[in-house]
Amino acid sequence: MNTTLKITTWNVNSVKARMTNVLEFLNEYKPEVVLLQELKCQEEAFPYMEIEELGYNCAVYGQKSYNGVAILSKYPLEDIKKGLPEFPEEQEARYIEALVNANGDVFRVASVYVPNGMDEASHKFQYKLDFFDKLYNHLNNIRNLDEKIIIGGDYNVAHKDIDVYDPMAFKNSICFLESEKTKFTKILTNKYLDLYRDYYPDTQAFSWWDYRANSWSYNKGMRIDYLLANPLAADASINCEIISEPRGKEKASDHTPVMAEFKIQKITP
């Protein structure tokens, strides 16, 4: 029986295009739970067979060509919810949540893909701010549940200067605007902990590198992918790391996985 649970978040930037890399990662690191973003496929087109062959249960919220989020779990998935409650039914596929029953120890996990926003003057940027507000409201509503809660995903915001390779180069740029950082800070100050930063308060590390200008080669990146945990989950955590190796592979996503490990509480029958 496992005594720990590894949870990974990863924006794969098209699950079909990165299938070889995804399968390699799952086989090498063997995370029990994986939170995927930017699937870029409808639910019926998701590669269930290849992933289920590795022992994962799949919960998928898909959308044609854009967005899409999923939860993969070696344990049963229960109480699956697709979308944020305050958005209309026709919302973009950017949030999925489920309970993971790890031998009786329950973790509530979610995969979130916050909109990029494109440009501060765009209506897409207002949608991003609205999404942050509705995400905050939902996380506020569930934060006091007697469950370990982990909300992983691509938040499309670098929180602090240390989270970008050059703060001056990103000044007034999307994903580093004060209005976005304020929205993200509001979530963190509402009993959700940025696990990587908690373990490495002074380490500069990135989870995303642009495909352009040899950004990966020169390590010109941003940290915009996070695992956020409520106090119960944070207390059960053992570590959190950014696994940069997949970004260097052929046909890589521009994001790389972030993984944390948690102690599983022994449940007496």
Side-chain angles (χ1 to χ4, degrees), residues 6-56 58 60-74 93-94 111-116 118 152-156 158 163-166 169-170 174-175 196 200 203-227 239-261:
K6 288 182 287 188
I7 299 179
T8 298
T9 183
W10 190 7
N11 178 324
V12 291
N13 189 18
S14 175
V15 68
K16 288 185 175 180
R18 319 299 169 198
M19 200 62 220
T20 297
N21 292 352
V22 169
L23 295 177
E24 286 180 357
F25 175 80
L26 296 179
N27 277 306
E28 180 176 355
Y29 288 90
K30 296 177 171 56
E32 283 77 25
V33 178
V34 185
L35 311 171
L36 298 180
Q37 301 88 42
E38 207 170 356
L39 305 178
K40 293 185 177 179
C41 70
Q42 293 176 303
E43 290 168 29
E44 57 269 25
F46 186 81
Y48 292 96
M49 184 175 69
E50 295 93 326
I51 291 174
E52 288 173 349
E53 284 180 351
L54 297 181
Y56 289 95
C58 303
V60 181
Y61 184 23
Q63 182 178 334
K64 186 178 179 180
S65 302
Y66 299 97
N67 308 318
V69 285
I71 299 172
L72 319 179
S73 173
K74 292 286 185 75
R94 293 183 176 275
S111 179
V112 59
Y113 179 34
V114 174
N116 174 276
M118 303 305 291
D154 173 4
Y155 285 79
N156 262 316
D163 296 317
V164 297
Y165 78 89
D166 183 349
F170 282 96
I174 200 74
C175 298
Y196 181 82
Y200 302 101
T203 299
Q204 186 177 59
F206 310 127
S207 64
W208 175 85
W209 298 260
D210 200 326
Y211 286 127
R212 298 167 294 183
N214 290 319
S215 295
W216 166 248
S217 299
Y218 293 110
N219 197 29
K220 294 182 175 181
M222 306 175 73
R223 190 174 73 97
I224 58 176
D225 302 88
Y226 303 85
L227 286 166
N239 58 48
C240 186
E241 59 182 322
I242 297 173
I243 302 172
S244 59
E245 180 220 2
R247 181 61 178 86
K249 289 183 176 290
E250 186 178 352
K251 296 183 179 179
S253 168
D254 44 358
H255 296 253
T256 206
V258 181
M259 185 165 69
E261 192 168 8

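Keep in mind that the numbers below use all heavy atoms, side chains included, and drop hydrogens, waters and symmetry copies.
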## Note on the structure
All heavy atoms of Pro246 vs all of Ala252, minimum pair found to be O-CB, 3.3 Å

#### Entry: Pairwise distance OH(Tyr113) to OH(Tyr66) - rounded to 0.5 angstrom
11.0 Å

## Note on the structure
In short, Glu28 meets Glu245 closest at the heavy-atom pair OE1-OE1, 3.7 Å

### Task
For the pair His255 and Ile224, evaluate side chain to side chain contact (heavy atoms under 4.5 Å, CB included) and give the outcome as yes or no after the intermediate values.
CA-CA 9 Å; His255 296 253; Ile224 58 176; 3.7 Å; yes

### Message
For the backbone of Glu38 and the side chain of Asn11, can you confirm whether one donor and one acceptor N or O come within less than 3.5 Å of each other?
### Response
no

### Message
Once side chain to side chain contact (heavy atoms under 4.5 Å, CB included) is applied, do any residues pair with Tyr48, and if so which ones, sequence neighbours excluded?
### Response
Glu43, Phe46, Glu52, Cys58, Val60

### Query
Yes or no on side chain to side chain contact (heavy atoms under 4.5 Å, CB included) for Val112 and Tyr155, after CA distance, side-chain angles and deciding distance?
CA-CA 7 Å; Val112 59; Tyr155 285 79; 3.6 Å; yes

### Query
Taking all atoms of both residues into account, what is the closest heavy-atom pair of Leu72 and Leu36, and its distance?
CD1-CD1, 4.0 Å

### Task
Kindly give the heavy-atom pair with the smallest separation between Ile242 and Arg223, and that separation in Å.
CD1-CD, 3.9 Å

### Main-chain N/O of Tyr29 paired to Lys6 side chain as donor or acceptor, under 3.5 Å
yes

#### Entry: Distance, nearest 0.5 Å, that separates OG1 of Thr8 from CD of Glu241
8.5 Å

### Summary
CD of Glu50 to NZ of Lys16, rounded to nearest 0.5 Å, is 10.0 Å

### Message
Could you check whether any side-chain N or O of Asp225 sits under 3.5 Å from a backbone N or O of Phe206, counting only pairs where one atom can act as donor and the other as acceptor?
### Response
no

#### Entry: Heavy-atom donor-acceptor pair, Thr256 side chain to Ile243 backbone, under 3.5 Å
yes

### Query
Which atom pair, heavy atoms only, marks the closest approach of Gly62 to Ala93?
O-CB, 3.7 Å

### Task
Using a 4.5 Å cut-off on heavy atoms from C-beta on, say whether the side chain of Cys175 contacts that of Asn116.
yes

#### Entry: Atom pair OH (Tyr165) and OG (Ser215), whose distance is rounded to the nearest 0.5 Å
6.5 Å

### Query
Distance from Ser111 atom OG to Arg94 atom CZ, nearest 0.5 Å?
11.5 Å

### Message
Checking ring-ring contact (aromatic ring centres under 6.0 Å, His included) between Trp10 and each of Tyr226, Phe25, Trp208, which is the one that passes?
### Response
Phe25

### Query
Do you know which of Val15, Asn13, Val12, Asn67 makes side chain to side chain contact (heavy atoms under 4.5 Å, CB included) with Lys40?
Asn13

### Query
Is Met19 close to Ile51 at the side-chain level, that is, under 4.5 Å between some pair of heavy atoms?
yes

### Query
Short question: side chain of Arg247, backbone of Trp209 - any donor-acceptor pair under 3.5 Å?
yes

### Task
Output yes when a side-chain donor or acceptor of Gln37 lies under 3.5 Å from a complementary backbone atom of Leu35, and no otherwise.
yes

### Message
Cation-pi check for Tyr56 against Lys74: NZ or CZ below 6.0 Å from the six-membered ring centre and within 45 degrees of the axis, yes or no?
### Response
yes

### Message
For the backbone of Asp254 and the side chain of Tyr211, can you confirm whether one donor and one acceptor N or O come within less than 3.5 Å of each other?
### Response
yes

### Query
Out of curiosity, Met259 CE to Cys240 SG, how far, rounded to the nearest 0.5 Å?
9.0 Å

### Donor-acceptor pair, side chain of Glu32 and main chain of Ile7, under 3.5 angstrom
no

### Query
So, for Val258 and Ser207, which heavy atoms are closest and what is the spacing to 0.1 Å?
CG2-CB, 4.4 Å

